[in-house]
A.B. asks: 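This is the structure I want to talk about, given as structure tokens.
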Amino acid sequence: MKHKSITIIGTLFLVSATAGLFYLFCMGIIIPHSMKLVDCTNDVVTFHLRIPKGNSYSLVLATPGKGMSIISPYQFYGQVYVSDGTLMKIEFPIGSDYTMPCNWLKDSSGLILNGKSTNCPVLDEFIRSGQNYDFKIVFDKPPPSSTSIWLVWMQAVKDKGK
């Protein structure tokens, strides 16, 4: 009888340990997220943003339809300004010549506006999750009014909703 209860306790311990490891593994899985920030209805668009928990932040210009080609059909250019309310954190140019296409948005094609693949700064170097920032995008030549600006980032399952 003693041997049988040790086997049962050992089995329960093994099952509990496996479930715990599986839980920790699942909570560490990184998944992409996206959030619409503003429609491009004017030459100047502004928005306030509390940066969600995560990393690999990218600004994306959402364009109508899916299946964007490698070359953007839109010609646009301008400047992005990011401040923390008192200090200018970064400013950088954006434009159709700097973008990379992406399929990160559910119902739209997208053009990545910043990051290593665009020769524009990586936002992670200048912004921090949980902090508030004011964004201002000034278009010298705006994209069509049917476009919008989105934030796309990677986030661990355990940080969802933060």
Side-chain angles (χ1 to χ4, degrees), residues 23-162:
Y23 174 78
L24 291 174
F25 172 77
C26 288
M27 294 307 281
I29 291 176
I30 305 295
I31 55 175
H33 290 273
S34 61
M35 172 182 7
K36 183 177 181 179
L37 302 172
V38 66
D39 289 318
C40 297
T41 54
N42 297 308
D43 292 353
V44 177
V45 294
T46 59
F47 54 93
H48 179 81
L49 178 63
R50 181 176 174 88
I51 304 299
K53 190 147 177 119
N55 57 44
S56 302
Y57 303 102
S58 292
L59 293 175
V60 173
L61 180 75
T63 60
K66 293 294 275 177
M68 168 92 36
S69 68
I70 297 295
I71 299 171
S72 169
Y74 306 115
Q75 295 298 311
F76 67 92
Y77 54 92
Q79 196 79 7
V80 175
Y81 302 91
V82 182
S83 72
D84 64 4
T86 56
L87 296 172
M88 183 65 60
K89 299 299 280 183
I90 185 173
E91 68 177 79
F92 58 92
I94 58 170
S96 45
D97 293 340
Y98 306 121
T99 63
M100 287 293 296
C102 70
N103 61 355
W104 298 344
L105 304 174
K106 183 179 178 184
D107 297 320
S108 303
S109 292
L111 298 169
I112 306 167
L113 300 177
N114 70 289
K116 293 178 182 173
S117 62
T118 65
N119 289 330
C120 292
V122 176
L123 285 181
D124 292 48
E125 296 175 8
F126 302 95
I127 63 175
R128 299 287 174 252
S129 66
Q131 300 297 309
N132 293 301
Y133 296 94
D134 296 310
F135 286 74
K136 180 178 181 181
I137 302 175
V138 179
F139 290 108
D140 297 316
K141 182 175 183 181
S145 59
S146 59
T147 59
S148 56
I149 303 292
W150 288 65
L151 180 69
V152 177
W153 74 99
M154 301 301 284
Q155 186 180 64
V157 171
K158 67 180 179 177
D159 294 329
K160 187 174 182 186
K162 294 182 181 180

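Basis for what follows: all heavy atoms, side chains included, without hydrogens, waters or symmetry-related copies. Worth saying up front: this structure is predicted, and the values here are computed from it rather than measured.
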A.B. asks: If we ignore hydrogens and angles and just use 3.5 Å, is the side chain of Thr63 paired with the main-chain N or O of Ser109 as donor and acceptor?
C.D. replies: yes
A.B. asks: Considering only distance and modelled atom types, tabulate donor-acceptor pairs under 3.5 Å from the side chains of residues 83-91, sequence neighbours left out.
C.D. replies:
unit_1, atom_1, unit_2, atom_2, d
Asp84, OD1, Thr86, N, 3.1
Asp84, OD1, Thr86, OG1, 3.2
Asp84, OD1, Leu87, N, 2.8

A.B. asks: Would Ile51 and Arg128 count as a side chain to side chain contact (heavy atoms under 4.5 Å, CB included) if you check the C-alpha gap in whole Å, the side-chain angles of each, and the deciding distance to 0.1 Å?
C.D. replies: CA-CA 7 Å; Ile51 304 299; Arg128 299 287 174 252; over 6 Å; no
A.B. asks: Could you tell me whether the side chain of Asp43 and the main chain of Phe139 form a donor-acceptor pair under 3.5 Å?
C.D. replies: no
A.B. asks: In the structure I gave you, are the side-chain heavy atoms of Pro52 and His33 within less than 4.5 Å of one another anywhere?
C.D. replies: no
A.B. asks: Can you tell me how far CZ of Phe126 sits from CD of Gln131, rounded to the nearest 0.5 angstrom?
C.D. replies: 15.5 Å
A.B. asks: Looking only at heavy atoms, which two atoms of Val45 and Cys40 are closest? And how far apart?
C.D. replies: CG1-CA, 4.2 Å
A.B. asks: Nearest 0.5 Å, what's the CG-CZ distance between Asp140 and Phe76?
C.D. replies: 12.0 Å
A.B. asks: Do Asn114 and Val80 touch side chain to side chain, with heavy atoms closer than 4.5 Å?
C.D. replies: no
A.B. asks: How many angstroms lie between atom OG of Ser96 and atom CG of Leu111, to the nearest 0.5 angstrom?
C.D. replies: 8.5 Å
A.B. asks: Tyr98 and Pro93: which non-hydrogen atoms are nearest, and at how many Å?
C.D. replies: CE1-CB, 4.0 Å
A.B. asks: To the nearest 0.5 Å, how far apart are CZ in Phe47 and CG in Leu37?
C.D. replies: 4.5 Å
A.B. asks: Please enumerate all residues that pass ring-ring contact (aromatic ring centres under 6.0 Å, His included) together with Phe92, with sequence neighbours excluded.
C.D. replies: none
A.B. asks: Indicate every side-chain donor-acceptor pair of residues 142-151 with a distance under 3.5 Å to a residue at least two apart or in another chain.
C.D. replies:
unit_1, atom_1, unit_2, atom_2, d
Thr147, OG1, Pro144, O, 2.6
Ser148, OG, Trp150, NE1, 2.9

A.B. asks: With respect to Val60, which candidate in Val152, Thr99, Leu113 satisfies the side-chain contact (heavy atoms from CB on, under 4.5 Å) definition?
C.D. replies: Val152
A.B. asks: Roughly how far, to the nearest 0.5 Å, is the CH2 atom of Trp153 from the CD1 atom of Ile127?
C.D. replies: 10.5 Å
A.B. asks: Please examine the side chains of Val138 and Tyr81, heavy atoms only from C-beta on, and report whether any two atoms are closer than 4.5 Å.
C.D. replies: yes
A.B. asks: Using every non-hydrogen atom in the two residues, find where Ile94 and Gln79 come nearest and quote the distance to one decimal.
C.D. replies: CG1-N, 4.3 Å
A.B. asks: How close do Tyr57 and Ser129 get, counting heavy atoms only, and between which atoms?
C.D. replies: OH-CB, 3.3 Å
A.B. asks: Measure the spacing between CD1 of Ile31 and CD of Gln155 and express it to the nearest 0.5 Å.
C.D. replies: 7.0 Å
